[in-house]
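All chains are named by letter (A, B, ...) in the order of the sequence lines, taking the proteins before the strands, and each is independently numbered beginning at 1.
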Number of protein chains: 2
Amino acid sequence: MKIDFTPADFNVALATSVVVYGFSGDELLTLIAQKDGEPFHGAHILPTAIIRPDQAPENVVKSLLRDLTGRDDWPLEQLNSFANPYRNPSGRVVNIAYYCLVRLSDDLKASLEARGCRWIPVTKVPSMAYDHDEVMAYARERFKRRVKRRPVGFTLLPREFTLNEIQRLYECALGRKFDKRNFRRKVLKSQLLIETGNTVRSSAKAKRPSRLYMFDEKKYQTLTLKGYDIVYF
Amino acid sequence: MKIDFTPADFNVALATSVVVYGFSGDELLTLIAQKDGEPFHGAHILPTAIIRPDQAPENVVKSLLRDLTGRDDWPLEQLNSFANPYRNPSGRVVNIAYYCLVRLSDDLKASLEARGCRWIPVTKVPSMAYDHDEVMAYARERFKRRVKRRPVGFTLLPREFTLNEIQRLYECALGRKFDKRNFRRKVLKSQLLIETGNTVRSSAKAKRPSRLYMFDEKKYQTLTLKGYDIVYF
DNA sequence: ACAAAAGTGTTACACTTACACCCATGT
DNA sequence: ACATGGGTGTAAGTGTAACACTTTTGT
């Protein structure tokens, strides 16, 4: 079997786009940017960066994430590459897509607005330039599958959260309702939650405060080591 | 957000490698090629093809599969892209990997030998050139996950097969044993198998013949349409 | 005292697992 | 008749799903 590249084969450029998910407390949000400069000035796009021929894709995404969120240690996973010829007018570009989960916070939101990015509910993402619609749809599917098997709440929820919040997260992510009692039984049986002893009132109208929980990271490490095939829902 | 490519960015080449799985009846096999020409002449590699700048990756893989197996309509799925800089001495090459399931047959085996390819038990794959070890390991993980959720037997098994054969397939694929009675109950409950009425003797020594079954493709279509989240094992 | 959301148990049913012998057939 | 692999059932335990009321707290 022969694999002989000719100089003419080295005529492709690389880019990476990242689908970033966050949870507001009652909605699943995703990050959308707008394109500066022609072509497609002002079009909605996914946060995207060029991968120069001497760069490793993962490093480029991480630096993009650092730029957007101030950190690059969020859970990050490669999706498919989108590589149909001539998807980009400037020449042949292969887009190596990633998806990423972040923990929302107020200063995170502020820094993003400054960079021309916005958080949009996943139920309301606009149509985008290039083939970013396809990338977004693909990421959504991947995310749904991950939610069922991995405790995504570790990243998506604030450090302390209520059982109602985590239930709402799962309902948003999977697009269906759960029975409150069954949900709590299941999530508590996993032994991954620790009651912090703190409470919070979920709204001004709410009288009784909710108990706050946090994840037991040590227990999670132990469980993932012996095969992370934990089914959640 | 700016995305401006310069001519210097168009200096990457694309290749695709495919991990092909087949089932011999008592072993899971995978397809390995050998490299012709320097560098790495004679090294073990995955079946690989160059993607010219005007070609769609999926078409290239399909034509590679047609070349190897005479058909290109096997279940095919993109894996990650392997794109670390300088993984190939000729310059920067991005490898878009795929994995594929085929139904083994005698003439398929013959045509492959002619092309310098060999079927190797997955438990005995040798170390390979480039980063093909990494690709292979990644494919193996993906395959294990798929086996648990999708009826891979549709493709991997002959049109008619015995319950012992399908059990052996699952045991190979997942690397563990199943209880014969429980396995049969489960696989028959799925309603995806039809008894053909035919029988076969599994070996010369076997006296009693085994019953043959086939998959009910129509029922499978129906089930997949309403969410293919069928858990097998 | 009342409004609001938080929190809690039980029962029926389905699925999973462990386990050992008889059956059909060819020689 | 016997050797060989093919084929079968049951019972205990575990997990899932459906269901509605009481508790706590702030106003």
Identify which nucleotide among [options] has an atom closest to any side-chain atom of [X], counting heavy atoms from C-beta outward.
X        : options                : value
A:Arg185 : D:dT25, C:dT25, D:dA17 : D:dA17
A:Asn182 : C:dG7, C:dG9, D:dG6    : C:dG9
A:Arg208 : C:dA6, C:dA4, D:dG7    : C:dA6
A:Arg211 : D:dT16, C:dT8, D:dT8   : C:dT8

Please report, rounded to the nearest Å, how far the [atom2] atom of [N] is from the [atom1] atom of [X].
X        : N      : atom1 : atom2 : value
B:Arg168 : D:dG6  : CZ    : C1'   : 11 Å
B:Glu195 : D:dG6  : CD    : P     : 15 Å
A:Lys207 : D:dT22 : NZ    : C1'   : 18 Å
B:Leu188 : C:dC15 : CG    : P     : 15 Å
B:Lys177 : C:dT16 : NZ    : P     : 21 Å
A:Gln167 : C:dA5  : CD    : C1'   : 13 Å
B:Phe183 : C:dC15 : CZ    : P     : 17 Å
B:Phe178 : C:dC19 : CZ    : P     : 17 Å

Cationic N near anionic O, under 4.0 Å, [X] to [Y]:
X        : Y        : result
B:Arg168 : B:Glu27  : no
B:Lys62  : B:Asp72  : no
A:Arg176 : A:Glu171 : no
B:Asp73  : B:Arg71  : yes

* Taking the side chain as C-beta and beyond, is there a heavy-atom pair between A:Val102 and A:Tyr21 under 4.5 Å? -> no
Is any side-chain nitrogen or oxygen of [X] closer than 4.0 Å to OP1 or OP2 of [N]?
X        : N      : value
B:Lys186 : C:dT16 : yes
B:Lys180 : D:dG7  : no
B:Asn164 : D:dG5  : no

* To do: Please work out if B:Asp179 contacts a base, only the sugar-phosphate, or nothing of the nucleic acid, heavy-atom cut-off 4.0 Å.
  => base
* Taking for each residue the nucleotide of DNA chain D bearing the nearest heavy atom, is the 5' side occupied by B:Ser202 or by A:Arg201? ->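 Nearest-nucleotide comparison on DNA chain D picks B:Ser202.
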* Let me know, please, whether A:Pro209 or B:Arg181 comes out on the 5' side of the other along DNA chain C by nearest nucleotide. => A:Pro209
